[in-house]
Q: 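I am attaching a structure below and will ask some questions about it afterwards.
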Amino acid sequence: MNAPTTEPTVLELGLPQPVRDPGLPARVRIHEVGARDGLQNEAVLVPVEVKAEFVARLAAAGLRTVEATSFVRPEWVPQLADAEELMPRLADLPARYPGLRLPVLVPNERGLDRALAHRAAEVAVFASATETFARRNLNRSADGAMAMFRPVVGRAADAGIPVRGYLSMCFGDPWEGPVPVEQVVRHGLALLEMGCAELSLGDTIGVATPGHVNALIEAFTRSGAPVERLAVHFHDTYGQALANTLAALRCGVTVVDASAGGLGGCPYAKSATGNLATEDLVWMLNGLGVETGVDLAALAATSGWMARHLGRPSPSRTVRALLGPTD
């Protein structure tokens, strides 16, 4: 009998081999940010029809929270200036993929107005744990930004729209250095107390390490913040994103932000490199026996497709391992 002419893929072989860790949650919800946070820092302007197909492909791969775009002023983030064109192209996706959530980022009440005009079902606001980043990113103090977000969150709540609060620079700031844990907790609690349903703790420049992650999450829970309302958002600048994610899961966090293909950065902090790659996260979670609902092969194919549109290789180790070169 002739031997097979081609080797099966690692996924066809059933790898990674799941080994369940009882100290971890049974299921994790991935908050996919590739279409918004991922593309906003790209030098290439991606056509709106490609963005729409990207979101559709992510949904088809099993992701059920896909942050679609941002209603910011076009001159601030020109890569997302086509939000009004994009939203109608996504309108049929929730019917095609039951349970799909397509949140959008809004910087202020004007952004909320634009999002509501396009029937956004969820929105997010973006705050800072440090003064310097607040001034550079939001053109106001950290507390002044909170005051700006309060009517946004209130109006969204009145309309029955959940609001997610992003808090950046939770683990270190490129201008200020270390950020005191109590300072991060103060700003995070302010977002929760004003009505944000979920708080995403951002390691914007990727300097966190697992012990710091433990300390911050424990500080939040000691202050009365339910761990069920916390999410984590790690950048992989120093290769710590997966280790930091695992630390957060051991603390009880069940929502993890990630970006397909490891796309992303931050246009206001040059030291912020790409986000945790969704494929790398799913590979780890599959090996830990943690459910995500994501088809890893379909997701990797989507990231390879987007890498070709961007004209550069995917930074995701898993995408490169599964697909080979993507440029």
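All heavy atoms count here, side chains included; hydrogens, waters and symmetry mates do not. The shown structure was predicted, so the numbers you read here are calculated from the model rather than taken from an experiment.
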Q: Locate the shortest heavy-atom distance separating Val123 from Ala115; write the atom from each residue and the value.
A: CG1-CB, 4.2 Å
Q: Is it the case that one hydrophobic cluster holds both Leu138 and Leu167, taking links as side-chain heavy atoms less than 4.5 Å apart, direct or via other members?
A: yes
Q: Please output the side-chain donor-acceptor pairs of residues 180-197 that fall under 3.5 Å, not counting sequence neighbours, one pair per line with the distance.
A:
residue : atom : partner : partner atom : Å
Gln183  : NE2  : Ala129  : O            : 2.6
Arg186  : NH1  : Asp143  : OD1          : 3.3

Q: Which pairs of donor and acceptor atoms, one on a side chain in residues 217-226, lie under 3.5 Å apart (sequence neighbours left out)?
A:
residue : atom : partner : partner atom : Å
Thr221  : OG1  : Ile217  : O            : 3.3
Thr221  : OG1  : Glu218  : O            : 2.9
Ser223  : OG   : Ala219  : O            : 2.9

Q: Could you walk me through whether Val106 and Val72 satisfy the side-chain contact (heavy atoms from CB on, under 4.5 Å) test, starting with their C-alpha distance in whole Å, then the side-chain angles of each, then the deciding distance to 0.1 Å, before giving a yes or no?
A: CA-CA 6 Å; Val106 298; Val72 298; over 6 Å; no
Q: Locate the shortest heavy-atom distance separating Pro315 from Arg312; write the atom from each residue and the value.
A: CD-NH1, 3.7 Å
Q: Tell me the closest heavy-atom pair linking Gly111 and Asn108, and the distance in Å.
A: N-OD1, 2.8 Å
Q: Nearest 0.5 Å please: distance from the OG atom of Ser128 over to the CZ atom of Arg140.
A: 13.0 Å
Q: Please check if the side chain of Glu198 supplies one atom and the backbone of Gly165 the other of a donor-acceptor pair under 3.5 Å.
A: no
Q: Rounded at 0.5 Å granularity, tell me how far CG in Leu105 sits from CG in Asp37.
A: 9.0 Å
Q: Could you walk me through whether Leu296 and Leu322 pass the side-chain contact (heavy atoms from CB on, under 4.5 Å) test, one step at a time?
A: CA-CA 10 Å; Leu296 181 54; Leu322 294 178; 4.2 Å; yes
Q: Can you check whether Thr278 reaches Ile30 side chain to side chain, under 4.5 Å on heavy atoms?
A: yes
Q: Looking at Leu199, is its backbone amide N or carbonyl O close enough to the side chain of Arg229 to form a donor-acceptor pair, meaning the two atoms are under 3.5 Å apart?
A: no
Q: As an exercise, state the distance from OG1 of Thr292 to CZ of Arg64, rounded to the nearest 0.5 Å.
A: 11.0 Å
Q: Are Leu201 and Val227 linked, directly or through other ILVMFWY residues, by side chains that come within less than 4.5 angstrom of each other?
A: yes
Q: Would you say Leu285 and Leu249 make side-chain contact, with heavy atoms under 4.5 Å?
A: yes
Q: Is there a path of hydrophobic side-chain contacts, each under 4.5 Å between heavy atoms, that joins Val10 and Val19?
A: no
Q: In a check of side-chain hydrogen bond (donor to acceptor under 3.5 Å, both in side chains) between Asp257 and each of His235, Arg164, His31, which one passes?
A: Arg164
Q: Is the backbone of Ala208 close enough, under 3.5 Å, to the side chain of Asn244 for a donor and an acceptor to pair up by distance?
A: yes
Q: Test side-chain contact (heavy atoms from CB on, under 4.5 Å) on Leu45 and Gln79; report intermediate values, then the result.
A: CA-CA 6 Å; Leu45 290 179; Gln79 294 87 339; 3.8 Å; yes
Q: For the side chain of Asp280 and the backbone of Thr318, is there at least one donor-acceptor N/O pair under 3.5 Å apart?
A: yes
Q: Find the distance between CZ (Arg135) and OG (Ser141) and round it off to the nearest 0.5 Å.
A: 5.0 Å
Q: Consider only side-chain heavy atoms of I, L, V, M, F, W and Y, link residues closer than 4.5 Å, and tell whether Val125 and Val255 are in one cluster.
A: no
Q: If you define the side chain from C-beta out and look only at heavy atoms, does anything of Asp236 sit under 4.5 Å from Leu276?
A: no
Q: Does any part of the side chain of Arg250, heavy atoms only, come nearer than 4.5 Å to the side chain of Leu24, both counted from C-beta?
A: yes
Q: Show your reasoning for whether side-chain contact (heavy atoms from CB on, under 4.5 Å) applies to Leu11 and Trp283.
A: CA-CA 10 Å; Leu11 298 181; Trp283 179 274; 3.9 Å; yes
Q: Surrounding CG of Asn139 (heavy atoms of other residues, nucleotides or ligands, distance under 6.0 Å), is the total greater than 12?
A: no
Q: If you look at every heavy atom in Val179 and Cys170, which pair is closest and at what distance?
A: CB-O, 4.4 Å
Q: For a 4.5 angstrom cut-off between non-hydrogen side-chain atoms, does Thr302 reach Leu58?
A: yes
Q: Find out if a path of hydrophobic residues (ILVMFWY) with successive side-chain heavy-atom gaps under 4.5 Å connects Leu310 to Val50.
A: yes
Q: Output yes when a side-chain donor or acceptor of Glu32 lies under 3.5 Å from a complementary backbone atom of Gly34, and no otherwise.
A: yes
Q: Quick one: are Met284 and Thr245 in side-chain contact, heavy atoms under 4.5 Å?
A: yes
Q: Run the side chain to side chain donor-acceptor pair (under 3.5 Å) check on Thr254 and Arg29 step by step: do they pass?
A: CA-CA 6 Å; Thr254 60; Arg29 177 170 64 82; over 6 Å; no
Q: Could Arg36 and Phe71 be counted as a cation-pi pair, given that NZ or CZ must be under 6.0 Å from the ring centre and within 45° of the axis?
A: no
Q: Nearest 0.5 Å please: distance from the OG atom of Ser303 over to the CZ atom of Phe54.
A: 5.5 Å
Q: Do the side chains of Phe126 and Asn137 get nearer than 4.5 Å, heavy atoms only?
A: yes
Q: How far does CD1 of Ile205 sit from CE of Met169, to the nearest 0.5 angstrom?
A: 6.0 Å
Q: Given side chains that start at C-beta, do those of Tyr238 and Thr209 come closer than 4.5 Å, heavy atoms only?
A: no
Q: Ignoring hydrogens and angles, write down the donor-acceptor pairs under 3.5 Å from the side chains of residues 82-102, residues two or more places apart or on other chains.
A:
residue : atom : partner : partner atom : Å
Asp82   : OD1  : Lys51   : NZ           : 2.9
Asp82   : OD2  : Lys51   : NZ           : 3.1
Glu84   : OE1  : Arg114  : NH2          : 2.8
Glu84   : OE2  : Arg114  : NE           : 2.7
Glu84   : OE2  : Arg114  : NH2          : 3.3
Asp92   : OD2  : Arg96   : NH1          : 3.4
Arg101  : NE   : Glu122  : OE1          : 3.4
Arg101  : NE   : Glu122  : OE2          : 2.6
Arg101  : NH2  : Glu122  : OE1          : 3.0

Q: What's the shortest heavy-atom distance between Gly304 and Leu323, and which atoms?
A: CA-CD1, 3.8 Å
Q: Restricting to non-hydrogen atoms, name the atom on Asn275 and the atom on Leu263 that form the minimum distance, rounded to 0.1 Å.
A: ND2-O, 3.0 Å
